[in-house]
Amino acid sequence: MLPRKLNATFVGTGLMWGAIALLAGCGESDKSDVAHTYYQTKTPYAPQQDAATYEAPPSGFVPVYTELVARHGSRGLSSLKYDLAVYNMWKKAEEDGALTPLGAQLGPDVLKIIKANFLLGYGVSGISTPGYGNETQLGITEHTQLAQRLLSRQSALFQAAASAAGSAPRQIVVVTSGVDRAVDSGAFFVKSLLAGQSALTPLVTYPPAPSPYPEGGKAVAQPAGTNRFLLYFHKLVAKTDAVTNTANPLYTTYQDSQAFQKWLTDPDLAAKQAAIQADTAAQAAGRAVLERLFTKAFVDKIAAGTYSFANTGSMTFASDDGKFTSTLTGDGKTGITDLASGGSLIYELYAIAPAMKAEAAVDFTVYMPQEQARYFAYMQDASDFYKMGPSIQEKGDVTWRMAQILED
């Protein structure tokens, strides 16, 4: 029997998990900008092929099913950390009179990034809670265009589904991780799909969330269309997801999630991460970035450990119309303790800036030369390799086995 569903699945996760069934992305991104720099996991989506050049199905074959597994759209920073730590470093340099002409521009640009994240999503239809972690206008455009291209590529499949809605209905099944930006991505995708073909509206369905969980406690209701086990398997927690019955098919996923989260505090992982940052090349890359912004004497104090900075302090920003105000306090857990960390946090702002063109309109390429961007991208890849990639052979499959449910 042929499956009679059209699935759209939206992953809300910091990890690059997922099987991409349809290779497509944002048609609005600047390909030359992406090619010139190293944004890694923050790279804006871009179509990889002209749809007109896709290979046609063999004679006599027609599409009967399609599925999209997508990460959330381009977003702002996840929380007040990299930006505040860099801004605190800049403020101290300003106090010391240690800014270069280029460095003098950095503080105002960081403030633009901070304010844009504080207010991110305010006034945007479809985003209920403004602030850090939300999709940007680019992210919204990415999922809007994903749906448009899917509808164009599979027009016959969707037209057949729409025409059969009253007799032998198909289903468009939408599932998300339940994380805000994934839910929003799904909503923008569906909105775009229905704008292109309104007759599909009655086919859209959001299946019930797995329940009742946590086992052994008071069940926590999850909205229809949510499946944390399938799409948030790396962060399952006892409060909402505990599975204690070994006969439950989800028991293995829950246990594997706990093993992965325990792995994140493993001393062997910490040693690998520390070695990446302590490498002399990492320190040299950091110095190359920082000495363009601050005097050598100031940078030397960071290298010697005399100066260190963290995401401490509170900030408040209000919307232009005065109707929304946000106050946040840094948790102090993100720090600049050496040259490499100083350079890498500026790299984080550089990497997020392309996704925030509409909201902040800042160019961080002036602060991050190509050679250093490439090195800090390498550092990020190396870190992710150990944290959630092939990792350390002796640790087995702890970094990926919780994803088996999605692969299956």
Side-chain angles (χ1 to χ4, degrees), residues 3 5-21 41 67-72 78-79 128-129 133 171-187 189 204-270 384-408:
K5 294 191 293 185
L6 307 164
N7 279 15
T9 304
F10 296 85
V11 185
T13 168
L15 308 183
M16 292 301 288
W17 299 116
I20 305 303
T41 62
E67 181 174 48
L68 169 72
V69 183
R71 196 183 183 194
H72 57 76
S78 59
S79 61
S128 57
T129 306
Q171 287 184 317
I172 299 175
V173 181
V174 184
V175 181
T176 81
S177 65
V179 175
D180 286 353
R181 54 183 172 262
V183 174
D184 293 342
S185 292
F189 179 93
V204 177
T205 182
Y206 298 84
S211 65
Y213 297 99
E215 290 183 340
K218 184 177 180 180
V220 176
Q222 301 284 349
T226 303
N227 193 325
R228 288 170 55 83
F229 294 95
L230 182 67
L231 299 172
Y232 212 55
F233 41 71
H234 67 300
K235 283 190 177 179
L236 299 177
V237 295
K239 182 179 179 180
T240 54
D241 314 304
V243 184
T244 56
N245 179 7
T246 57
N248 188 324
L250 297 175
Y251 178 81
T252 298
T253 299
Y254 181 76
Q255 293 301 319
D256 290 344
S257 180
Q258 304 314 297
F260 174 72
Q261 292 173 72
K262 183 178 179 181
W263 155 249
L264 298 180
T265 62
D266 189 291
D268 290 338
L269 174 60
D384 287 350
F385 176 93
Y386 289 111
K387 180 180 178 181
M388 51 195 177
S391 198
I392 302 171
Q393 184 173 358
E394 292 78 9
K395 301 296 178 176
D397 58 358
V398 67
T399 59
W400 70 80
R401 66 174 179 260
M402 74 285 193
Q404 189 66 50
I405 184 172
L406 179 59
E407 183 177 2
D408 289 345

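Annotation: side chain of V204 is in contact with side chain of V174 (closest heavy-atom distance under 4.5 Å). Annotation: side chain of S177 is not in contact with side chain of N227 (no heavy-atom distance under 4.5 Å). With contacts defined as side-chain heavy-atom distances shorter than 4.5 Å, the pair D268/I392 qualifies. F189 places a side-chain heavy atom less than 4.5 Å from the side chain of L68. S391 is listed as a side-chain neighbour of W263, based on a closest heavy-atom distance under 4.5 Å.
Of the inter-residue distances, the one linking T226 atom OG1 with Y232 atom OH reads 12.5 Å to the nearest 0.5 angstrom. Atom CG of D266 sits about 8.5 Å away from atom NZ of K262, to the nearest 0.5 Å.
Ion pairing between K235 and D241 fails under the 4.0 Å rule for side-chain N and carboxylate O.
Using a distance-only test at 3.5 Å, with no hydrogens or angles considered, a donor-acceptor pair links the side chain of E215 to the main chain of N245. Here the side chain of T253 pairs no donor or acceptor atom with the backbone of M402 at under 3.5 angstrom. The closest donor-acceptor contact from the side chain of Q222 to the backbone of A209 lies at 3.5 Å or more, if one exists at all. Using a distance-only test at 3.5 Å, with no hydrogens or angles considered, no donor-acceptor pair links the side chain of Q255 to the main chain of Y251. S185 places no side-chain N or O within 3.5 Å of a backbone atom of H72 that could act as its donor or acceptor partner.
In this structure, Y213 has its ring center under 6.0 Å from that of F229.
The shortest non-hydrogen separation linking S257 to F233 is OG-O, 2.7 Å. Taking every heavy atom of both residues into account, H234 and F260 meet most closely at O-CD2, 3.7 Å. Considering every non-hydrogen atom in both Y254 and A238, the closest pair reads OH-CA, 3.3 Å.
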Assess whether side chain to side chain contact (heavy atoms under 4.5 Å, CB included) is satisfied between T252 and R401, documenting all intermediate values.
-> CA-CA 9 Å; T252 298; R401 66 174 179 260; over 6 Å; no
Chi angles and distances behind the side chain to side chain contact (heavy atoms under 4.5 Å, CB included) call for L250, R228 = CA-CA 11 Å; L250 297 175; R228 288 170 55 83; over 6 Å; no
Check the pair Y206, T176 against side chain to side chain contact (heavy atoms under 4.5 Å, CB included), reporting the backbone distance first and the verdict last.
-> CA-CA 9 Å; Y206 298 84; T176 81; over 6 Å; no
Passes side chain to side chain contact (heavy atoms under 4.5 Å, CB included), L264 versus K387? Steps please.
-> CA-CA 7 Å; L264 298 180; K387 180 180 178 181; 3.8 Å; yes
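Just one of L231, L230, D256 meets the side chain to side chain contact (heavy atoms under 4.5 Å, CB included) condition when paired with I405; it is L230.
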